[in-house]
There are 2 protein chains.
Amino acid sequence: MRLSNLADYAVVTMSAAARHCGGGRTSASELASETGLPVPTVQKVVSKLSAAGLLRSTRGAGGGLQLARPAAAISVADIVEAVEGPIALTPCVTGSECAVEENCAVKPHWPVVNAALRGALADISLVQLARTETQETEVA
Amino acid sequence: MRLSNLADYAVVTMSAAARHCGGGRTSASELASETGLPVPTVQKVVSKLSAAGLLRSTRGAGGGLQLARPAAAISVADIVEAVEGPIALTPCVTGSECAVEENCAVKPHWPVVNAALRGALADISLVQLARTETQETEVA
DNA sequence: GCTAATCGGAACAATTTGGTCCAATTAGGA
DNA sequence: TCCTAATTGGACCAAATTGTTCCGATTAGC
């Protein structure tokens, strides 16, 4: 019931990358120094993120990373799914391989919980995360 | 982002145990045969469940299990927390040991998601799960 | 054409999880 | 009163996933 560390790092990394929306060009090492995470870890996170289509990477010298989409169109749910795969609390939700599929009275209840979780994650976009820590309690 | 198998088994096991609310006395092997789960696995699940105070166990011959509380007072959140510990998507929620605690703009958003998930799990009680699979779509 | 810088994937180590077994305990019968 | 049988409780071991690190492939710039 806990988010994996990689997914947590991915959210932080994307949050840091969103602050470079103007320039658009950032490197993995720069993101590592900004977030305080080890460089190899950020590299792995960035790889998964770009493989999922959330980050656009340019190889070679002078290359770098940039957001594939505007920050408003990227939610925390997208980032988590990019790293951990589809959000599914139980195997029943996606596939159907359940050891006790016959008399499973619990199955019809899982999609409700799953939707609630995913909805809560989808409600948070990158623009809300891109604000610095000195954000005040804005009366939204 | 997936529930552990043990927690899934625990929910199924408790759902099966709730159907014995009348007699109150059930054994782990009986629950295993009803759910189709391997016996040792049910034993382990039952141990954690009784250690958490959700199940009352009586040792010795003729002993057995029974729900410590009425089924209406037990929610899925209780079962999950009994097996996996407190529900916390990130370490920030419970403790404060975060590698990037300084400039973590993501931290204030996690309690919201965490509460949404826990609320969805707490809304489902054992009485809803105790119904057999032949339950119809009751217009609640 | 060469060098330097960067991403991408592969390999290794560690932690947690899942499964199995045996010992401690106790009610029931002789 | 003693013995037997049945059941839970905790401990042990194997496996999978996760987390970290490293090295190779690729490309712009000189």
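Chain letters run A, B, ... following the sequence lines, proteins first, then strands; residues in each count from 1.
Here the closest non-hydrogen pair linking L3(A) and A7(A) is CG-CB, 3.9 Å. Between T35(A) and A16(A) the shortest heavy-atom distance is CG2-CB, 3.7 Å.
A heavy atom lying under 4.0 Å from DNA chain C marks the following residues of residues 40-50 of chain A, by number: Q43(A), S50(A).
Between L31(B) atom CG and dT8(D) atom C1' there is a gap of 13 Å when expressed in whole angstrom units. The interatomic distance linking L55(B) (CG) with dG9(D) (C1') rounds to 14 Å, in whole Å. Straight-line distance from the CZ atom of R56(A) to the P atom of dG8(C): 12 Å, rounded to whole Å. The interatomic distance linking R2(B) (CZ) with dT17(D) (C1') rounds to 10 Å, in whole Å. One interatomic measurement links the two molecules: CG of N5(B) to C1' of dT20(C), which rounds to 16 Å at whole-angstrom precision. Atoms CG (L65(A)) and C1' (dA5(C)) sit 14 Å apart, rounded to a whole Å. In this structure, the CZ atom of R59(A) is 6 Å from the P atom of dT26(D), given to the nearest Å. What separates CD of E84(A) from C1' of dT18(D) is a distance of 10 Å, to the nearest Å.
Of the residues L126(A), I79(A), L121(A), the one that meets the side-chain contact (heavy atoms from CB on, under 4.5 Å) test with V11(A) is I79(A). Partner of L37(A) under the side-chain contact (heavy atoms from CB on, under 4.5 Å) criterion, out of D8(A), N5(A), V42(A): V42(A) alone.
Within 6.0 Å of CZ in R56(A) there are 12 or fewer heavy atoms belonging to other residues, nucleotides or ligands.
Considering only the side chain of L6(B), dG18(C) comes nearest among dC7(C), dT8(D), dG18(C).
The closest side-chain heavy-atom distance from R69(B) to D78(B) is below 4.5 Å.
In this structure, T58(A) does not reach the dT27(D) phosphate: none of its side-chain N or O atoms is under 4.0 Å from OP1 or OP2.
Residue A28(B) is classed as a sugar-phosphate contact, given heavy-atom separations below 4.0 Å to backbone atoms only.
Taken from OG in S4(B) to CZ in R2(A), the straight-line distance is 12.0 Å, to the nearest 0.5 Å.
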